[in-house]
Q: 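Attaching a single structure in structure tokens format; questions to follow.
Order of listing sets the numbers, starting from 1, for every ligand and every atom in it. Position 1 is the first residue of the sequence, and the numbers go up from there. Predicted, not measured: the structure shown is a model, and the values here were computed from it.
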Amino acid sequence: MSTQQGLVVATHGRHCVVETISGERVICHPRGKKSQVVVGDQVLWQASKDEGTIEQVQERRNLFYRQDEIRTKSFAANLDQILILIAAEPEFSEMQLTRALIAAQAQHILPIIALNKRDLSASFEPAWLRLAPYRDMGYTVLPLALKQHDLGELTGLLAHKTTLVLGPSGTGKSTLINCLHPQANVLTAEISQALNSGKHTTTATHWYWVDKEQHTALIDSPGFQEFGLHHIEAMQLAQLMPDLKAHASDCKFYNCSHLHEPQCGVRAALELGAISASRYKLYGLLFEELSQHRHY
Ligand SMILES: Nc1nc2c(ncn2[C@@H]2O[C@H](COP(=O)(O)OP(=O)(O)O)[C@@H](O)[C@H]2O)c(=O)[nH]1
Ligand SMILES: [Mg+2]
Ligand SMILES: [Zn+2]
């Protein structure tokens with residue numbers, strides 16, 4: 001039998017669901033250990049009884065992943081952009097936000113930040129102010145009220161793109177996907193049941209088409225909470241943080257760590273208020289974290 005093309009639309013453990021060119025969905029298993037697939041992968045697969053086998057994963061345009069001390073965990077492949085969805089409540093962690101932004105920058109994938117629950121104005125205002133440095137360093141930061149179906153400029157930014165939606169739980173990721181893809185809940189439940197993953201539907205990654213023409217897609221993925229950056233070198237860090245990068249070329253030493261060296265452009269900018277104290281503090285913490293491990 002010949003192989004066919006397909007798109008990986010869900011993964012759970014080592015199984016996955018492949019969408020065929022005619023739009024059917026088939027559970028597939030990897031052949032051997034090498035062909036570990038992620039959502040967004042284009043694959044060649046072969047039918048066997050009512051299921052299938054992944055024969056080959058096509059070359060990826062990009063792969064977004066995180067890495068802790070022990071292993072690499074992939075979110076998805078072949079992305080156009082990443083939407084980092086945070087909210088007025090629960091209060092967001094600037095550290096988590098910064099980690100996701102650095103990981104996106106390292107893979108050259110455009111991040112968009114959105115702050116949901118605009119209707120909760122007492123908590124929205126201070127959260128919006130905390131995001132001021134991120135606007136200033138050039139990121140798109142959008143206000144949303146997803147419960148009221150107020151997507152603002154987001155709809156336009158998502159159109160004709162494949163977007164990975166990331167964020168801590170409770171920020172409105174499911175609300176967003178249900179807004180744009182009303183059958184999302186049903187689909188997720190069906191796929192999860194088919195994959196025998198029980199009721200824990202949020203532990204898997206899922207692809208959703210937003211439009212009939214299948215130009216716009218969203219990917220819902222867990223794992224924002226423990227966002228390891230062990231694939232990044234400490235000395236690379238400042239280049240992946242736009243606010244620090246803007247001043248790193250003013251340092252006297254080409255290999256300046258921006259922590260203690262004299263005539264450091266980054267610390268001069270910090271003193272002038274051009275770099276926020278909170279961002280510089282996060283840089284120091286991450287630098288230390290990434291200096292403690294060995295690459296092997
Ligand atoms: N006040 C308010 N609550 C919202 C908004 N959007 C979502 N929520 C609520 O936030 C909670 C978490 O939303 P959910 O989509 O499940 O978040 P997820 O964990 O990121 O998937 C739910 O109770 C939603 O109804 C919003 O714009 N305003
Ligand atoms: Mg959810
Ligand atoms: Zn420096």
Q: Under 4.0 Å from atom 23 (O) of ligand 1, is there at least one protein heavy atom?
A: no

Q: If you take the centroid of each ring, where Trp contributes its six-membered ring, are Phe92 and Phe224 closer together than 6.0 Å?
A: no

Q: With a 4.5 Å cut-off on side-chain heavy atoms, are Leu7 and Trp209 touching?
A: yes

Q: Among all protein heavy atoms, pick out the one at the shortest distance from atom 19 (O) of ligand 1; state its residue, atom name and that distance to 0.1 Å.
A: Gly170 N, 2.7 Å

Q: What residue and heavy atom of the protein are closest to atom 17 (O) of ligand 1, and at what distance?
A: Gly172 N, 3.0 Å

Q: Are Leu101 and Ile275 grouped together when hydrophobic residues (ILVMFWY) are joined by side-chain heavy atoms under 4.5 angstrom apart?
A: yes

Q: At a non-hydrogen distance cut-off of under 4.0 Å, which region of Leu144 contacts ligand 1 (side chain, backbone, both, or neither)?
A: neither

Q: The Mg ion (ligand 2) to Thr175: any N/O/S contact under 2.8 Å?
A: no

Q: Which protein non-hydrogen atom lies closest to atom 25 (O) of ligand 1, naming both residue and atom, and how far is it?
A: Lys147 CE, 3.6 Å

Q: Is there a path of hydrophobic side-chain contacts, each under 4.5 Å between heavy atoms of I, L, V, M, F, W or Y residues, that connects Val210 with Leu157?
A: yes

Q: In ligand 1, which numbered atoms sit nearer than 4.0 Å to a non-hydrogen atom of Leu120?
A: 1 (N)

Q: To the nearest 10 degrees, could you say what angle the Zn ion (ligand 3) makes with SG of Cys256 and SG of Cys264?
A: 110°

Q: I'd like to know if Glu94 pairs up with Lys281 as an ion pair, taking the criterion as any Lys NZ or Arg NE/NH1/NH2 lying under 4.0 Å from an Asp or Glu carboxylate oxygen.
A: no

Q: Restricting to N, O or S, what is the name of the atom of His258 that lies nearest the Zn ion (ligand 3)?
A: ND1

Q: List ligand 1 atoms under 4.0 Å from Ala145, heavy atoms only on the residue side.
A: 27 (O)

Q: If hydrophobic clusters are built from ILVMFWY residues whose side chains come within less than 4.5 Å, do Leu166 and Val38 share one?
A: no

Q: Lys173 side chain to Gly167 main-chain N or O, any donor-acceptor pair under 3.5 Å?
A: yes

Q: Any side-chain to backbone donor/acceptor pair from Arg66 onto Phe227? Under 3.5 Å, distance only.
A: no

Q: If the cut-off is 4.0 Å to any non-hydrogen atom of Asn116, which atoms of ligand 1 fall inside it?
A: 5 (C), 6 (N), 7 (C), 26 (C), 27 (O)

Q: Looking only at atom types and distance, does a side-chain atom of Gln225 sit under 3.5 Å from a main-chain N or O of Pro168, one as donor and one as acceptor?
A: no

Q: Identify, for atom 7 (C) of ligand 1, the protein heavy atom at the shortest distance, and state residue, atom and that distance.
A: Thr175 OG1, 3.5 Å

Q: The Zn ion (ligand 3) and His247: any N/O/S contact shorter than 2.8 Å?
A: no

Q: Could you tell me the residue and atom name of the protein heavy atom closest to atom 8 (N) of ligand 1, and the distance to it rounded to 0.1 Å?
A: Lys117 CE, 3.8 Å

Q: Just need the protein heavy atom nearest to atom 16 (O) of ligand 1, so name the residue and atom and give the distance.
A: Ser174 CB, 4.0 Å

Q: Is there side-chain contact between Arg71 and Asp68, with heavy atoms separated by less than 4.5 Å?
A: yes

Q: How does Leu85 reach ligand 1, if at all, at less than 4.0 Å between non-hydrogen atoms: by side chain, backbone, both, or neither?
A: neither

Q: With under 30° as parallel and over 60° as perpendicular, where do the rings of Tyr283 and His258 fit, or are they tilted in between?
A: tilted

Q: Considering non-hydrogen atoms only, spot the tightest contact between Pro90 and Ser169 and give its length.
A: CG-O, 3.9 Å

Q: Closer than 4.0 Å to some heavy atom of Lys173 - which atoms of ligand 1 meet that?
A: 15 (O), 17 (O), 18 (P), 19 (O), 20 (O), 21 (O)

Q: Which residue holds the protein heavy atom closest to atom 1 (N) of ligand 1, what is that atom called, and what is the gap in Å?
A: Asp119 OD2, 2.8 Å

Q: Could you see which bit of Thr171 sits under 4.0 Å from ligand 1, with heavy atoms only: side chain, backbone, both or neither?
A: both

